[in-house]
Engineer: 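One structure coming up, written as structure tokens, with questions to follow.
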Amino acid sequence: MSAESFKPIFMRIASSPSQLAVVRAVIEKVCELTGFDAKAAGRIMLSVDEALTNVIRHAYDGADDQPIEVEVATITDSPARSLRICLRDYGRVADPATIKSRDLANVRPGGLGVHIITECMDQVTYTPAEGGGTLLTMVKKLPSEKETRKT
Amino acid sequence: MSAESFKPIFMRIASSPSQLAVVRAVIEKVCELTGFDAKAAGRIMLSVDEALTNVIRHAYDGADDQPIEVEVATITDSPARSLRICLRDYGRVADPATIKSRDLANVRPGGLGVHIITECMDQVTYTPAEGGGTLLTMVKKLPSEKETRKT
Amino acid sequence: MNAQVPNASVKSVRWVDRAAIVYATGDIDLEHSTQFQQALLKLLDENPSYIVVNLKEVPYMDSSGVASLVKLLSRVRKSGAALRLVELNERVRSLFEITRLDSVFEIFGTEQEAIS
Amino acid sequence: MNAQVPNASVKSVRWVDRAAIVYATGDIDLEHSTQFQQALLKLLDENPSYIVVNLKEVPYMDSSGVASLVKLLSRVRKSGAALRLVELNERVRSLFEITRLDSVFEIFGTEQEAIS
Ligand SMILES: Nc1ncnc2c1ncn2[C@@H]1O[C@H](COP(=O)(O)OP(=O)(O)O)[C@@H](O)[C@H]1O
Ligand SMILES: Nc1ncnc2c1ncn2[C@@H]1O[C@H](COP(=O)(O)OP(=O)(O)O)[C@@H](O)[C@H]1O
């Protein structure tokens with residue numbers, strides 16, 4: 001198995017906190033298969049978890065029965081070989097300018113998710129999706145072939 | 001989290017052997033969330049893995065780029081509370097009479113998958129799917145509430 | 001929801017004099033952070049002089065778990081007590097680094113170090 | 001595909017006199033069973049008097065992994081040698097029970113028991 005031969009995976013889950021653990025399990029396994037080490041995998045899992053948490057809390061106001069689509073793919077036909085994770089919701093669309101974390105120095109509960117995502121991923125884009133809702137695209141550079149864990 | 005509050009999960013993967021590990025990770029986590037112990041979870045994972053292996057080998061003749069859909073849900077509104085896993089392919093439809101394992105006493109490589117599935121799951125049905133391909137439905141009784149691991 | 005201790009996220013609490021050592025368990029994410037926080041805040045009723053949260057059995061935590069701990073920290077400080085975190089695995093520790101909270105919380109390797 | 005030993009499924013082979021102790025690794029499923037089988041069959045070129053397959057580092061195996069071992073067993077028997085499996089975890093052991101192959105293969109707890 002290598003990032004080159006990894007085929008895209010699509011999932012549809014409900015906006016329920018109990019599904020986060022399932023998506024994390026998928027992301028962890030995909031990261032392992034595509035050559036990330038455990039530390040990098042942890043940061044990617046965390047980013048996806050934070051992004052899903054935000055969809056549940058902000059786009060769906062905590063409703064637990066709304067659809068979230070997750071697509072995981074590798075992009076290996078460009079020089080920037082990368083793992084791409086897309087999250088699509090059908091909820092309230094936020095002004096991109098309001099999607100930002102608080103000042104980290106001002107310690108209070110909450111307000112860390114977006115910081116985590118942008119810190120851990122290489123590219124993060126929120127775009128209004130066709131047909132309503134938001135498409136969040138998160139991209140992380142794949143480890144170079146020589147860094148890759150053999151599987 | 002309990003089997004009652006578990007929401008259905010839908011996945012679409014490619015018919016590539018490298019995706020089996022991802023689906024196993026999903027099934028393992030779902031089994032944990034819905035109260036199965038590690039042993040029961042192992043048997044359910046194994047059944048799903050064997051069924052996917054058969055789709056890849058028999059329905060798709062080993063092609064690694066064909067779609068397989070996986071749906072995992074709990075059924076808790078009937079007295080037979082259960083976990084239901086459906087696999088849908090778009091490949092060659094087999095005569096259900098030919099979907100059976102060899103005599104176990106006649107030891108030779110292969111021919112064990114269907115036996116494993118029927119031994120480990122409570123209900124297994126292959127039906128021709130609307131629009132082509134096969135829908136395989138596997139059902140396993142959920143552990144009773146008092147057997148359930150607390151999460 | 002009841003603020004029960006123990007619950008699904010707090011396995012047990014051990015008292016050593018006026019110190020409460022809290023054994024957290026399981027992934028602390030959006031699903032579990034509310035009960036985690038409730039169990040932690042409930043402890044303050046007992047007026048501990050400090051609280052040690054042992055995270056040895058927490059494989060994973062996200063920002064909602066961190067938020068529960070930040071909430072606890074501010075309440076603990078108001079009451080003049082102290083809060084210490086111990087036995088973070090590499091993943092959980094890295095979450096505190098990413099959020100720059102590794103310098104806000106007192107983090108120790110072991111209970112021993114946190115208590116002495 | 002080359003029949004290399006070691007490969008992604010066989011980490012190493014240790015020879016004790018004419019016995020080959022094979023250290024398998026990783027999940028042995030449809031993705032890995034072909035190379036697992038190739039590495040095992042390749043060993044027969046060395047004419048071992050028996051082969052011990054250590055499955056300690058195999059978290060998971062499915063019927064395609066079992067098929068590789070059944071194939072090896074029949075080849076080993078033809079050559080007058082023996083095959084023993086050791087250190088199966090509970091999951092892998094249960095696969096042999098489900099497929100009624102626990103009575104066909106010689107399964108031991110440890111290498112020690114398998115060699116002596
Ligand atoms: N998916 C989303 N949809 C709408 N608004 C969002 C979304 N994600 C983040 N936001 C906005 O960005 C802010 C910062 O998010 P975050 O850093 O995760 O902290 P928190 O969610 O705890 O406020 C949120 O308060 C919210 O206003
Ligand atoms: N999804 C499927 N589509 C078509 N035929 C199948 C499928 N699953 C099983 N079969 C048939 O059932 C037989 C027995 O399957 P199995 O017990 O898994 O052993 P094996 O696949 O090693 O032959 C297969 O040889 C095949 O003819």
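Within every chain, numbering begins at 1; the chains are lettered A, B, ... in the order of the sequence lines, protein sequences first and strands thereafter. Just so we're clear, the structure is a prediction, and the values are computed from it rather than from any experiment.
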Engineer: Measure across B:Ile9 and A:Gln19 and return the closest heavy-atom pair with its distance rounded to 0.1 Å.
Structural biologist: CG1-OE1, 3.5 Å
Engineer: Let me know if B:Pro8 has heavy atoms under 4.5 Å from chain A in its side chain, its backbone, both or neither.
Structural biologist: backbone
Engineer: List the atom of A:Ala25, the atom of B:Lys29, and the distance in Å for their closest heavy-atom pair.
Structural biologist: CB-CB, 4.2 Å
Engineer: To check you understand the geometry: which heavy-atom pair defines the closest contact between B:Ser16 and A:Lys7, and what is its length?
Structural biologist: CB-CG, 4.1 Å
Engineer: Testing the basics here: between A:Ser18 and B:Ser5, what is the closest heavy-atom pair and its distance to 0.1 Å?
Structural biologist: OG-O, 4.4 Å
Engineer: Under 4.5 Å, heavy atom to heavy atom: which of residues 105-140 of chain A reach chain B? Give them by number, or say none.
Structural biologist: none
Engineer: Give the member of A:Val70, A:Val23, A:Asp65, A:Asp64 that has the highest number of heavy-atom pairs under 4.5 Å with chain B.
Structural biologist: A:Asp64
